[in-house]
Protein chains: 2
Amino acid sequence: MATAKPTHSFKTPCEQCPLRPLPHFREFSREELEFVSKFKRGELAVDAGATILVEAAHSAHLFTVLSGWGFRYKMLEDGRRQILNYVMPGDLIGLQGTIMGEMQHSVEALSPVTLCVFERDKLMTLYNRHPSLAFDITWIAAQEERILDEHLLSIGRRTALERAAYLIAFLFERARKLSLFNGGNVIPITQQHIADTLGLSIVHTNKTLKKLAGRNLIRWQERGCDVLDGEGLMQVAGWEGMLEGKRPFI
Amino acid sequence: MATAKPTHSFKTPCEQCPLRPLPHFREFSREELEFVSKFKRGELAVDAGATILVEAAHSAHLFTVLSGWGFRYKMLEDGRRQILNYVMPGDLIGLQGTIMGEMQHSVEALSPVTLCVFERDKLMTLYNRHPSLAFDITWIAAQEERILDEHLLSIGRRTALERAAYLIAFLFERARKLSLFNGGNVIPITQQHIADTLGLSIVHTNKTLKKLAGRNLIRWQERGCDVLDGEGLMQVAGWEGMLEGKRPFI
DNA sequence: CGTACACTTGAGATAAGTCAATTAAGGTGG
DNA sequence: CCACCTTAATTGACTTATCTCAAGTGTACG
């Protein structure tokens, strides 16, 4: 199993952050940007499949995803794995470990990922001097909680077909808002990941995805899911989508 | 369906809060206590079965549970219900609504519940003037996220028996830390609640609970689950328990 | 004394899991 | 350039877990 390894540590100044211009994110004041820029210690690039953070590790760093896809997961002792959520540009990772001392989940890269690395010890300074950014961090935590609520509803109460439709629609909507698709609509994910997210076996996942493909909602490609009809997926899932509006990020 | 209704609005001063002396909670400075006391607008008492907060409601209040048990849940259009988590003394409810404008889940009282009511608009003041309390709120949000992670793992990957054992052990551990049991070890919950938490039907839940009872881990009582062997439940579930240590609350 | 609600239980139906074998694509080393 | 390996996706057959339906018990409460 590969572990996170820096390939280079060029540092994009936050003032030129490629994410900030996106309409999905709220605008920052000059002071905020200045502080975040000082808060940022460097960048980290990891390969697809690399482990970014490991469960039970102490003194984790705090990261913001700058580019790429990843996922958070937990495992039982005998190897059963549950994917909890996916991480995409703008997402904060390692907050639990930073605030409460120990990570209780792992994070793995789905594609090559670049991360902004933040000084763990400066987090208190952020709370002391920039209440608006502190509020943003709480906002991000509350948003993650919302997403987990919806996933829980999905796994607990939706049928396999609904669950699969929900998950793909969810990933599609998030990626679309971040302008992550260039050309196609392909989500870089494996059927095993979908199975481990939905709490299903891989065989049953495969048969379920075939049904969605049969309805012309998706098409499976080498190494990914091509979304043909996001609206249709939401309808199958009985899911309204996430609330609109700009979101913060650090 | 009953809705939250104030029965009286006596206000316990935060300096005399019955929760603060508990070893489970961190100590607060005099300044923090003073601010929280001003932040608190009053108290609300609701009956068992009352709805404290409703999904999609705007301008919700922010509450801290002072006494009693409740639960957060979401529903699908056709009535399928998923219980997301339980709320107990010291838990903050309504944060999502306060921070992001709209609640996306409901909260219902399991037993008679009393709540501290906070001024929603003063939250920004808290962030501006009391960074340590702001940090606490983030801590609470991150803790909720952790719990949801574990629930997700449970529903997605544990067997029915493991799930049930985990849930009961989880509720038992939380309640024990809060000294909620006087005399017995009875969790005031219905089998329907357990079913809706585990994502199982009530029939199968009943049969699963019988198995746990057969192993002398629990005993079912009128209107509640009597825990006989918390350690044994954790062992069945393959669950290590939550991290120890003091926690904050507002 | 009747009604409501929670809990039980058995039996048959259905969803999902497991096992096993096959195909297809990509990567590697000779 | 080809033989070989690995990984991901696919499919069929069978087993198991869980659901649904239906009926019955017990207790609390008006």
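Below, chains carry the letters A, B, ... as their sequence lines are ordered, and counting in each starts from 1. Remember, predicted model here, so these are calculated numbers, not experimental data.
In this structure, Gln104(B) and Glu240(A) have side chains that are not in contact, with every pair of non-hydrogen atoms separated by 4.5 Å or more.
The phosphate of dT10(D) (OP1 or OP2) has a side-chain N or O of Gln191(A) nearer than 4.0 angstrom. Close to dT10(D), at under 4.0 Å from its OP1 or OP2, lies a side-chain N or O of Asn206(A).
Less than 6.0 angstrom separates the ring centroid of His193(A) from the ring centroid of Phe71(A).
Side-chain N or O atoms of Arg72(B) include none that pairs as donor or acceptor with a backbone N or O of Leu84(B) at under 3.5 Å.
Using a 4.0 Å heavy-atom cutoff across all strands shown, Lys207(A) reaches at least one base atom of the nucleic acid. As judged by a 4.0 angstrom heavy-atom cut-off over every strand, Gly224(B) is placed among residues making no nucleic acid contact. When heavy atoms are screened at a 4.0 angstrom cut-off, Ile202(B) is found touching no nucleic acid atom at all. Contact annotation for Thr190(A): backbone-only contact, meaning every heavy-atom pair under 4.0 Å involves sugar-phosphate atoms and none involves a base.
Taking every side-chain heavy atom of Val203(B) into account, dC21(D) is the closest of dC21(D), dG12(D), dG17(C).
Using a 30° and 60° split on the angle between ring planes, Phe170(A) and His151(A) fall in the perpendicular class, above 60°.
Comparing Lys210(A) and Arg157(A) by the nucleotide of DNA chain D that holds the closest heavy atom to each, the one mapping nearer the 5' end is Lys210(A).
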